[in-house]
Amino acid sequence: MPAHTTHVPPAEAVTPTEAVAPAEAVAPLLRGIAVLRRLTEAPDGTLSLSALEKTTGLARSTVDRLTATLARMGYVRLDGRDVTLAPRLMELGNAYLAALRLPALLSARADALADELDESVSLAVGDRDGVRFIHQATRRRAMSLSFRIGDLLPAERTAPGPLFATQWTDPDWHRWRSRRAADPADRTFPAVPPRQHPTPDDDFVLRTSTAASDGYALDDQLIEPGLVALSVPVRDLRDPGTGRLACVASVVSHTSRHTAPDLRTTLLPRLRAAVTAMETDLRTAPPPAPGPPRTDLATWTGASKQELGREFVESLARGLTVLTAFGEGRSALTLTQVAKATGLARATARRALITLTHADLVTPAPDATFTLTPRVLSLGFPPLSRTSLPEIAQPHLTALADRVHESTSLAVLSDSGEEIQYTARASAPHVLSARVTLGTRLPAHATALGRVLLAHPEVRARGYALVDEELEAGLRAIAVPVHDRTGRVTAAINVATHPARRTPTACETELLPELSRTATAIEADLRVAGRFVHVPPT
């Protein structure tokens, strides 16, 4: 990796990160990362093109090309002048979490502890001088946590922070002090409210020393009034001599349920018991079997460039695909392995790794391998980790309604199994069309959606259901299932029409292929979004 940097003179479409980038860094890749980070920080993951131009400092033409490329990759959606993060972007964070393996190995223990204690439980890793969540098991309450997987918190305002700081080096402490001096109100951490009363640096130094001797740490309303947490380190005991922290497990509550001292007194033994089991799981887990790499990525980006021309920024697309080369069983890769896994030329992969290292998304190791950093989660994962199935389905339903010029809906089966509940829909511009309010419930047996969800033998064999004026005269509907990543039918989508517009045969020949295509697209997004987070069905 080159040690020198090039200082680019001030010019249009040069981000601060670019200004001190290595000479071989790929500028469009840095600009695309800047766009994704601004969208991640925005409410609901949405910004207008004008707002992106303003917040990134890039020229409008540059923003247009970058967002067009990200849309082609399925990482954002373009809706008029607005740009919105799309579920497919979560594949980047999934690559990091899969390579890390901790969520796959430890999340069941965290979930069980949350059920046992009836309190929220989280797993976090250190990210430089911050703390980033990799798993959340939250309780459904009126007063509940709003933290999301991938959120970054300042170390000094958390319970896990002092535990991670026990292993900081002098440069780490220097970086922390510099950040505190430059940002005393923590405004660079959008996941937490701004700090009202900054504390002296010595307070955190003392908390770190105490955590080192006690083996646990407390957060007594450091984030905001009422929020308390207790944390215990989870150590990787496969190499006992290092005592390396794999992650930190925390129980989080609020002061109307527990005070901070009460958390320590009543819950510390059970948290420690769960952590001991987690450490055993880490120590005894068999080595992961790497899945097949996606060697067609370079071919796909080349074809997209050929089709879209100048509007497709191939160097951005290829740089981001390098992140997907990593995963379970592929946590550390050499340059040659990255090139092979992506199908990229070695020189192209090398420049991408240089750029991603500068962006702090990849870190090189002394053995000439590279690994992903927790900062990969800053590329869209926090807002997308709270995405529901209706939110995933909505843009696909809208596109379907536009193609077939008929109303379309998503529904799930009620708890009783006797009714369907409509959770998303898109209308067609007809005077006479199916109009159903979200939340409406109808008898499952009389609807195409319900018959798909009930999965009667004939429907299961055909893969769809067609209902002809059974629920209501003048209403004909055809529906197909939507499967989750395990293959279970989790919802159904339909197209509803009037018999005067389409015959039953026309529904099967004209609507069914489009309906199946839409279900496949929803399922693809659902597979990505649901790999490490729970996607609510409503």
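Values reported hereafter were calculated over all heavy atoms of this structure, with side chains retained and with hydrogens, waters and symmetry mates removed. Along the sequence shown, residues are numbered consecutively beginning with 1.
When all heavy atoms of Ser253 and Leu227 are compared, the pair lying nearest together is O-CD1, 3.5 Å. Residues Ala448 and Ala477 share a closest heavy-atom pair of CB-O, 3.7 Å. Taking all atoms of both residues into account, the shortest heavy-atom contact from Thr490 to Asp484 is CG2-N, 4.1 Å. Nearest heavy atoms, Gly126 versus Pro374: O-CG, 3.7 Å. The heavy-atom pair separating Pro390 from Leu410 by the smallest distance is CA-CD2, 3.9 Å. Across Thr56 and Ala34, no two heavy atoms sit closer than the pair CG2-O, 4.2 Å.
In summary, the side chains of Ser414 and Ser416 do present a donor paired with an acceptor at a separation below 3.5 Å, with no hydrogens or angles considered. Side-chain contact check for Ser122 and Gln136: no donor-acceptor pair (N or O, by modelled atom type) lies under 3.5 Å. Under 3.5 Å, the side chains of Thr497 and Glu406 contain a donor-acceptor pair of N or O atoms. Using modelled atom types and a 3.5 Å distance limit, the side chains of Ser50 and Glu53 yield no donor-acceptor pair. For Arg60 and Thr62, the side-chain atoms include no donor-acceptor pair closer than 3.5 Å.
Ser331 has its side chain out of reach of Arg101: every pair of non-hydrogen atoms, C-beta onward, lies at least 4.5 Å apart. Counting heavy atoms from C-beta on, the side chains of Leu438 and Arg425 come closer than 4.5 Å. When side chains are defined from C-beta on, Leu102 does not count as touching Leu123, because their heavy atoms never get closer than 4.5 Å. Here the side chains of Arg375 and Asp127 are in contact, with some heavy-atom distance below 4.5 Å. Proximity of Phe381 to Leu92: side-chain heavy atoms (C-beta onward) are nowhere separated by under 4.5 Å. No side-chain heavy atom of Thr40 sits less than 4.5 Å from a side-chain heavy atom of Leu384. Annotation: side chain of Val467 is not in contact with side chain of Thr447 (no heavy-atom distance under 4.5 Å). Using a 4.5 Å cut-off on side-chain heavy atoms (C-beta onward), Pro481 and Arg460 make no contact.
At distances below 3.5 Å, not a single donor-acceptor pair connects side-chain atoms of Ser315 with backbone N or O atoms of Pro28. Under a 3.5 Å cut-off, the side chain of Arg65 and the backbone N or O of Arg310 do form a donor-acceptor pair.
When the shell of 6.0 Å around CG of Asp44 is examined, it contains 12 or fewer heavy atoms from other residues, nucleotides or ligands. Heavy-atom neighbours of Asp402 CG from other residues, nucleotides or ligands within 6.0 Å: above the threshold of 12. Heavy-atom neighbours of His445 NE2 from other residues, nucleotides or ligands within 6.0 Å: at or below the threshold of 12.
Taking a cutoff of 4.0 Å between a charged side-chain nitrogen and a carboxylate oxygen, Asp151 and Arg132 do not qualify as a salt bridge. Using a 4.0 Å cut-off between charged side-chain N and carboxylate O, Arg403 and Glu514 make a salt bridge. Salt bridge annotation for Arg441-Glu419: present, with a cationic side-chain nitrogen under 4.0 angstrom from a carboxylate oxygen. Salt-bridge check for Asp82 with Arg77: failed, with every basic side-chain N at 4.0 Å or more from each acidic carboxylate O. We find that Glu307 and Arg72 are joined by a salt bridge, their nearest charged nitrogen and carboxylate oxygen being less than 4.0 Å apart.
The distance from the CD1 atom of Ile493 to the OG atom of Ser516 is 8.0 Å, given to the nearest 0.5 Å. A distance of 10.5 Å separates CD in Glu391 from OG1 in Thr423, rounded to the nearest 0.5 Å. Distance OH/Tyr422 to OG/Ser409: 5.5 Å, rounded to 0.5 Å. In this structure, the separation between OG on Ser304 and CZ on Arg318 is 10.0 Å, given to the nearest 0.5 Å. Here the CG-CG distance, from Leu78 to Leu49, works out to 7.0 Å after rounding to the nearest 0.5 Å. Annotation: the span from His135 atom NE2 to Arg109 atom CZ amounts to 13.0 Å, rounded to 0.5 Å.
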Are Phe370 and Leu353 close enough, and set up right, to give a side chain to side chain contact (heavy atoms under 4.5 Å, CB included), and what steps lead you there? CA-CA 8 Å; Phe370 297 84; Leu353 287 169; 3.8 Å; yes
Determine whether Leu106 and Val234 satisfy the following criterion, side chain to side chain contact (heavy atoms under 4.5 Å, CB included), listing intermediate values before the conclusion. CA-CA 10 Å; Leu106 306 182; Val234 181; 4.3 Å; yes
Chi angles and distances behind the side chain to side chain contact (heavy atoms under 4.5 Å, CB included) call for Leu356, Leu29: CA-CA 8 Å; Leu356 295 170; Leu29 178 54; 4.0 Å; yes
Show, in sequence, the C-alpha distance, side-chain angles and deciding distance for Asp525 and His396, and conclude whether the side chain to side chain contact (heavy atoms under 4.5 Å, CB included) test is met. CA-CA 10 Å; Asp525 281 353; His396 297 290; 2.8 Å; yes
For residues 505-513, which side-chain N or O atoms pair as donor and acceptor with protein atoms under 3.5 Å away, sequence neighbours left out?
residue : atom : partner : partner atom : Å
Glu508  : OE2  : Tyr464  : OH           : 2.7
Thr509  : OG1  : Thr505  : O            : 3.0
Glu510  : OE1  : Arg502  : NE           : 3.0

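Every side-chain contact (heavy atoms from CB on, under 4.5 Å) that Leu36 has, sequence neighbours left out, goes to Leu70, Val76, Leu85, Leu89, Leu320, Leu379. Residues forming a salt bridge (charged side-chain N to carboxylate O under 4.0 Å, His left out) with Asp111 (at least two apart in sequence, or on another chain): none.
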